[in-house]
Amino acid sequence: MSPHAVPVTEPESPYSETVKYLMQKHAITSNGFLPAKAPLCRLPDMYYLPWERIANVMPVLLDNGTLRARVDAMDVLSTDRLRSEPEWRRAFVILSFLTHAYVWGGQEPAEILPPSISVPFLKVAKMLELPPVLAYAGSNLWNFTTSGQDFTDVDSLRCLHTFTGTEDESWFLVISVAMEAQAAVIIPPALRALEAIKTRDYPVITQALAEMDACISKVGALIERMYERCDPDVFYHKIRPFLAGSKNMEAAGLPRGVFYSESSADPEKGSWRQLRGGSNGQSSMIQFFDVVLGVQHTNEGNGRPTPAASPASSSRSSPEPSQPSPSQPSFHEVVRDYMPGPHRRFLLAVSQMGSIHELALQTPAGVTAEQDAFRDAYKKATQTLTAFRNIHIQIVTRYIILPSRRAQRSADGSGKRDLASASASAGGSSSSGTGEAAPPPPELTGTGGTTLIPFLKQARDETTEAGNIG
Ligand code: HEM
């Protein structure tokens, strides 16, 4: 069995062997893309106490400005004592939080990661098939605990690690956890529906689409709860700067990205990396909805040529120049590399099972009641996913666009630069997308490196487009 595979727990599953196999093979649990059990709260081996100690007081160390010194003084620990998948995941959570705290936890960003972080982090990330950065898996999927059993119950969830120690940040992160858990129920019926394409079993597909429709509505209701305990200004000014990556961060002070040393004996040995920051856009759940409904995304995210997001050089002093490439993969394709390997492969496998969208296009209206019910269910599910994306756009407006305007208006001179928003403006115009007369801010990008509203609107319109089956 793959080290990633977590058995699906329901013994009396009504689903086919193929469905069960697909889920088990790709580490899909009864909680969907979340683990079957709540993640480890600490590494059992006391050897890792130095990591645990810093991670557990990270907000204090960031607040009093001592985090970098503490990390610099830390030994380079081996990964040899990590024993199980949950332990590797916990190590990923700790090291990814330490990385972002180290890079962004000062008046200026740190360009060079100390070996105490980078050496083990490169190994852990490789093991989990993730880039060495705070990917969604590290900030959300594996970074929570609960006082209950039900991961959809957001009130009983709490985040294990935050940068700020605020309730706002914990809420921001656990809302996604509850959404992921909520979406878990749809995975087996959706796979069954894809299997049913071959036999044109319309009732099975229609039923799954109706369940998916209800599921997306519930997921949408959860994301709307963001407002309850996450204040937009706290998010924009305190939380978001720590989520930033190292790609397109020239203006923020990372022209070459971040240098990851590969050796404690020779800290000069390593590479510059330009990686995307943490983004809920890396969630496999929403892409699962897209794949099942056949929504195609084409926008690369930033509307301008992007430098290669890969390791660049073997020495600190000579980073390879970024080469704009004529055609770039879409944001949705690129962020698959920021998903755990088994989840990425699951989405690929699902996309190869057949297309409900194609079936909907081929199914004529007004011939049989079954076919009409199927077409209606398909349209309705895509409309609900469109509605979800509209809710998300409103959230992005309230949590990023409006606070950025307020900050601009007050042009405060309060000292601390908003590093996450200080992205490169090469060739870019304002992307606030609200059409108001306020002077455009410098190009505003998401922590995942996109031009926000135009990008999100296109993703929404592509969802609507899928539902236009005539
Ligand atoms: C305060 C809350 C949130 C803010 C400010 C926010 C912001 C953003 C931004 C700026 C993007 C553009 C991509 C990037 O550059 O990162 C994005 C994309 C995305 N976000 Fe969020 N997000 C929030 C919550 C969520 C949650 C809870 C989810 C659910 C898991 C989510 C799912 C997505 C998805 C799937 C995309 C990709 C675009 C798409 O497929 O429509 N977001 N988000």
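Just follow the structure's listing: the first ligand is 1, and inside any ligand the first atom is 1.
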query: Any idea which part of Q287 is under 4.0 Å from ligand 1, heavy-atom wise: side chain, backbone, both or neither?
result: neither
Numbered atoms of ligand 1 (with element) below 4.0 Å of F235, judged on heavy atoms: 5 (C)
field: Parallel, tilted or perpendicular, as decided by the 30° and 60° cut-offs, for the rings of F33 and F288
entry: perpendicular
message: Within the 4.0 Å heavy-atom shell around I395, which atoms of ligand 1 are there?
response: 1 (C), 2 (C), 3 (C)
message: Quick one, I356 with L293, criterion side chain to side chain contact (heavy atoms under 4.5 Å, CB included). Give me CA distance, side-chain angles, the key distance, then yes/no.
response: CA-CA 6 Å; I356 293 179; L293 295 174; 5.7 Å; no
- request: Classify the ring geometry between H392 and F388 as parallel (under 30°), tilted (30 to 60°) or perpendicular (over 60°).
  value: parallel
Exam field: side chain Q182 to backbone K218, donor-acceptor pair closer than 3.5 Å: no
- request: Would you check if the distance from the ring center of F151 to the ring center of F144 is below 6.0 Å?
  value: yes
message: Donor-acceptor check, side chain of N143 to backbone of C159, threshold 3.5 angstrom: yes or no?
response: no
message: Only heavy atoms of I400, strictly under 4.0 Å: list the atoms of ligand 1 that pass.
response: 5 (C), 10 (C)
query: Going by distance alone, is a donor N or O of one side chain under 3.5 Å from an acceptor N or O of the other, for Q458 and T298?
result: yes
message: Which option wins on minimum heavy-atom distance to atom 43 (N) of ligand 1: H392, H297, Q282?
response: H392
- request: Return yes if a side-chain donor-acceptor contact under 3.5 Å exists between D290 and H332, otherwise no.
  value: no
message: Heavy atom to atom 31 (C) of ligand 1, shortest distance: which of I393, N280, L173, I239 holds it?
response: N280
- request: For ligand 1, find out whether one of its N or O atoms is nearer than 3.5 Å to an N or O atom of Y136.
  value: no
- prompt: For the residue pair Y136 and Q282, what are the closest heavy atoms and their distance?
  reply: N-OE1, 2.8 Å
Residue portion contacting ligand 1 (non-hydrogen atoms closer than 4.0 Å) for R460: neither
field: CA sep, side-chain torsions, deciding dist, call: L128, E85, side chain to side chain contact (heavy atoms under 4.5 Å, CB included)
entry: CA-CA 9 Å; L128 295 167; E85 181 84 4; 3.7 Å; yes
field: Within reach of ligand 1, part of E180 (heavy-atom separation under 4.0 Å)
entry: neither
- prompt: Between V335 and ligand 1, which residue portion shows a heavy-atom distance shorter than 4.0 Å: side chain, backbone, both, or neither?
  reply: neither
task: List every atom of ligand 1 that sits less than 4.0 Å from any heavy atom of V396, numbering the atoms from 1 in the order shown and giving each element.
output: 6 (C), 7 (C), 8 (C)
field: ligand 1 atoms in contact with M285 (distance to a heavy atom under 4.0 Å)
entry: 30 (C)
- line: Atoms of ligand 1 under 4.0 Å from any heavy atom of A459, numbered from 1 in the order shown, are 41 (O)
task: Enumerate the atoms of ligand 1 whose separation from the nearest heavy atom of S176 is less than 4.0 angstrom.
output: 27 (C)
- prompt: Got an N/O contact under 3.5 Å between R389 and ligand 1?
  reply: yes
statement: A student checking ligand 1 against I286 at a 4.0 Å heavy-atom cut-off should list atoms 35 (C)
query: Does L452 approach ligand 1 within less than 4.0 angstrom via side chain, backbone, both or neither, non-hydrogen atoms only?
result: side chain
- prompt: Does ligand 1 have an atom under 4.0 Å from some heavy atom of R276?
  reply: no
- prompt: Does the gap between the ring centers of F97 and F163 come in under 6.0 Å?
  reply: yes
field: Stepwise side chain to side chain contact (heavy atoms under 4.5 Å, CB included) check, L40 with R89
entry: CA-CA 8 Å; L40 286 182; R89 290 175 175 176; over 6 Å; no
message: Is the contact between R240 and ligand 1 made by the side chain, the backbone, both, or neither, using heavy atoms and a 4.0 Å cut-off?
response: neither
